[in-house]
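A quick note: this is a predicted structure, and the numbers were derived from the prediction, not measured. For reference, positions follow the sequence shown, starting with 1.
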Amino acid sequence: MKVNTLEEGQSKASSSKEQTVNISGAEAIVRSLQAEGVDLLFGYPGGAIMPVYDCLYDYQETLKHVLCRHEQGSIHAAQGYARASGKVGVVIATSGPGATNLITGLADAQIDSTPLVCITGQVPAHLLGSDAFQECDVVGISMPVTKWNYQVTSAEEIPEILAKAFYIARSGRPGPVLIDITKNAQFDSLDYKYEKTKDVRSYFPKPKVDSEKILEAARLINKAEKPFFLFGQGVILGNAEEEFQAVIERSGAPAAWTIMGLSAMATDHPQNVGMLGMHGNYGPNILTNECDLLIAVGMRFDDRVTGRLADYAKQAKVIHFEIDPAEINKNVAADVAVLGDCKESLHQLLPLIQKREHKEWLERFAECARIEQEKVIEEDLRPTKEGMTMAEVIRRINEVEPGNPIIVTDVGQHQMIACRYAEFKESKSNITSGGLGTMGFCLPAALGAKLGAQERPVYAIIGDGGFQMTLQELGTIFQTQSAVKIVVLNNGYLGMVRQWQQLFFDRRYSSTELMNPDFIAITKGFGIPALKVTERANLDDGIRQLVESKTAFFLEVAVEAEGNVFPMIPSGASVSEILLEKK
């Protein structure tokens, strides 16, 4: 039975007392998406997923499909959508190359804990293993980079498996799920009834918070003279921003963020002391090795944060608040491990924390900030420099933009500069590829972010190298009429690789200089207004046009060719060995 009216389709998809109806597997997929609250998905059609696309034709007013220009663009867009909206991102693709083109995005979403449900078409069940046209073992390929995956070979499995997919993707530590569905399962009929999954045997997404561990953590925090909080994306994923800030303010301790945790706490909060890691702020890095208590909340002690582990915070006790048991003691040993959802953990911790001030300890961070201001920031923003700098572009956008923007970045020098110089007041405002470091992430992710948070301005900050990896998604931005504000900081190099070649490989610039095309002509070819700025005198006017545009707008800024990002912790060095300038 096929539903022809949208009202009837919506009612049947959302009713908890839905009667069993006989429909095709393809329609079961579409109805199941609606039952999970999906109203937007990203994808690219093909033969093995065509029955689903045919069914979408009847649901296009209530289930919007965004046709990206490449499957990798589709999954990065879904990531941006999920990160900006807090919902599960949904992607559909065909078999073979359609499915394999999702792998980079799956790996990116897995390491950055982004909730996705990816549905791929597959050859009919009777052809599996025969090397049929566009057959590929995507379940085997994707197993290491998904939270869960499954191959559906009969229509009857579809409702239960999709319900399970959404539950696993969004619960506990979120992540990507891939469901591969054979073509016969899409064509065949089933008696359809949908029930949301509430639990899965042997899967425990939220460990129960141990009150004794909370008490131990509180005792250490209350007696510490130099406590230091580190916060990551777990605070955002756990919707624990208010609880975290309350704990910070009562404790009086400084707090620093990973790039994935950026925006969980306002950047101008007096206890927010900046960014951790390889290109983070001076104070948070060197004072890691002076604190007497390190409190990590929703972060995984990535190597870019810790530097050389043998010399990382050896003088300090460590408390680790974490939802995923696999992260405990993986890199840094915890004296107190508090497993559980950090919103619940911090809520229990708050009344046990004594109200304190750590003025002298905070002043140490302020001293470091003054040193960094003089040696790095003033240099980055110096107007007498020969070329424009990435830092001054980011700073000027922040100063001119009147709203509360989401800033999406690609990977490289511009990413580190944007994280260092952008200012945020609201959570879910910084979207970037953190753990995998995927060039080409930004443009499609910015599109997804705009569709997920249409009321907010969205800026895509991209290097000239990363832009060329997915610039075809300008076509998707044009077709969806999404007002993404695109800024390409063009230095004519693969900038971060060039910086390493300059500092550590005797300026041997091997395969890092780019001969770039005319980005303005390309962008205008996609129907998007575009402007190039090559002189500082024209920068303010260019940024004004960018900010005031009601449609998508492309601004290319020619920045200094050999600018470097400092501070910098060299690979294999300790956080105490951070460099403020090149030696």
Side-chain angles (χ1 to χ4, degrees), residues 42-46 64-81 93 97-98 101 104-105 388 390 393 397 406-412 414 438-451 454 457-495 513-535 538-539 541-559 561:
F42 304 85
Y44 203 97
K64 180 178 174 59
H65 176 271
V66 177
L67 174 62
C68 294
R69 298 310 189 255
H70 191 284
E71 290 88 358
Q72 185 172 339
S74 298
I75 194 166
H76 289 330
Q79 288 177 270
Y81 174 84
N101 282 343
T104 296
M388 287 178 284
M390 295 183 184
V393 177
I397 290 173
I406 294 172
I407 294 183
V408 188
T409 50
D410 212 75
V411 173
H414 70 277
T438 304
M439 290 180 68
F441 171 87
C442 181
L443 189 64
L447 163 67
K450 184 62 182 176
L451 293 172
Q454 297 192 35
V458 173
Y459 288 82
I461 311 295
I462 322 177
D464 47 321
F467 176 62
Q468 292 179 78
M469 287 195 168
T470 51
L471 64 77
Q472 73 277 356
E473 299 307 330
L474 289 171
T476 316
I477 291 171
F478 172 66
Q479 186 165 347
T480 57
Q481 294 296 291
S482 299
V484 179
K485 300 172 188 294
I486 306 158
V487 181
V488 168
L489 301 175
N490 187 348
N491 59 12
Y493 281 99
L494 299 175
E513 187 171 3
L514 295 168
M515 182 178 290
N516 290 322
D518 185 339
F519 293 143
I520 302 301
I522 290 171
T523 305
K524 286 184 175 179
F526 283 101
I528 296 172
L531 177 70
K532 182 172 183 176
V533 173
T534 58
E535 302 292 337
N538 300 323
L539 180 60
D541 181 63
I543 289 175
R544 180 189 57 77
Q545 290 187 52
L546 173 79
V547 170
E548 293 178 358
S549 178
K550 303 300 182 186
T551 66
F553 192 92
F554 180 92
L555 178 66
E556 177 186 356
V557 182
V559 296

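- Rounding to the nearest 0.5 angstrom, the gap separating the CD1 atom in Ile397 from the CG atom in Leu555 is 7.0 Å.
- For Glu473 (side chain) and His70 (main-chain N/O), a donor-acceptor pair under 3.5 Å exists by modelled atom type.
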Assess the residue pair Val408 and Phe441 against the criterion (side-chain contact (heavy atoms from CB on, under 4.5 Å)); give the C-alpha distance rounded to whole Å, side-chain angles, the decisive distance to 0.1 Å, and a yes or no. CA-CA 9 Å; Val408 188; Phe441 171 87; 4.3 Å; yes

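- A distance of 7.5 Å separates CG of Asn516 from CD of Glu556, quoted to the nearest 0.5 Å.
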Checklist entry - When you look at Asp464 and Gln468, which way does the side chain to side chain donor-acceptor pair (under 3.5 Å) test go after all the steps? => result CA-CA 7 Å; Asp464 47 321; Gln468 292 179 78; 5.4 Å; no

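- For the residue pair Ala552 and Ile477, the shortest heavy atom distance occurs at CB-CG2, 3.8 Å.
- Counting only heavy atoms from C-beta outward, the side chains of Gln545 and Phe553 approach each other to under 4.5 Å.
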side-chain contact (heavy atoms from CB on, under 4.5 Å) between Arg544 and Asp541, worked out | CA-CA 5 Å; Arg544 180 189 57 77; Asp541 181 63; 2.5 Å; yes

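- Here the side chain of Asn491 pairs no donor or acceptor atom with the backbone of Val559 at under 3.5 angstrom.
- Residue Gln481 qualifies as enclosed at atom CD: its count of foreign heavy atoms under 6.0 Å is above 12.
- Heavy atoms only, all atoms of each residue included: Pro529 and Thr551 are closest at CG-OG1, 4.0 Å.
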(request) Carefully, step by step, assess Asp410 and Met439 under the rule side-chain contact (heavy atoms from CB on, under 4.5 Å). (result) CA-CA 6 Å; Asp410 212 75; Met439 290 180 68; 3.8 Å; yes

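- With sequence neighbours excluded, the residues satisfying side chain to side chain contact (heavy atoms under 4.5 Å, CB included) with Gln479 are Arg69.
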Q: Please test Leu451 against Phe42 for side-chain contact (heavy atoms from CB on, under 4.5 Å), starting from the C-alpha separation and ending with a verdict.
A: CA-CA 11 Å; Leu451 293 172; Phe42 304 85; 3.8 Å; yes

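- Considering all non-hydrogen atoms of both residues, Leu531 and Gly542 come closest at CD2-CA, 3.6 Å.
- Remark: side-chain polar atoms of Asn538 are not paired, donor with acceptor, to backbone N or O of Val533 under 3.5 angstrom.
- For Val484 against Ala460, the heavy-atom pair with the smallest separation is CG1-CB, 4.2 Å.
- Taking every heavy atom of both residues into account, Ser74 and Cys68 meet most closely at OG-CB, 3.3 Å.
- Rounded to the nearest 0.5 Å, atoms CD1 (Ile486) and OG1 (Thr523) are 6.5 Å apart.
- In this structure, the side chains of Thr476 and Pro444 stay at 4.5 Å or more apart for every pair of heavy atoms.
- His76 meets the side-chain hydrogen bond (donor to acceptor under 3.5 Å, both in side chains) test with Gln72, Gln79; sequence neighbours excluded.
- Here CG of Leu514 is found 9.5 Å from OH of Tyr493. Values are rounded to the nearest 0.5 Å.
- Not one N or O on the side chain of Asn490 forms a donor-acceptor pair closer than 3.5 Å with the backbone of Val557.
- Note that the CD1 atom of Ile462 and the CE atom of Met469 stand 12.5 Å from one another [nearest 0.5 Å].
- Put simply, the residue from Phe526, Tyr459, Phe467 that forms a ring pair (Phe, Tyr, Trp, His ring centres under 6.0 Å) with Phe554 is Phe467.
- In terms of modelled atom types and a separation under 3.5 Å, the side chain of Lys485 and the main chain of Ser549 share a donor-acceptor contact.
- Here the closest heavy-atom approach between residue Leu471 and residue Leu443 is recorded as CA-CD2, 3.8 Å.
- Here the CG-OG1 distance, from Leu447 to Thr480, works out to 5.0 Å after rounding to the nearest 0.5 Å.
- The salt bridge (charged side-chain N to carboxylate O under 4.0 Å, His left out) search around Glu513 returns none, not counting sequence neighbours.
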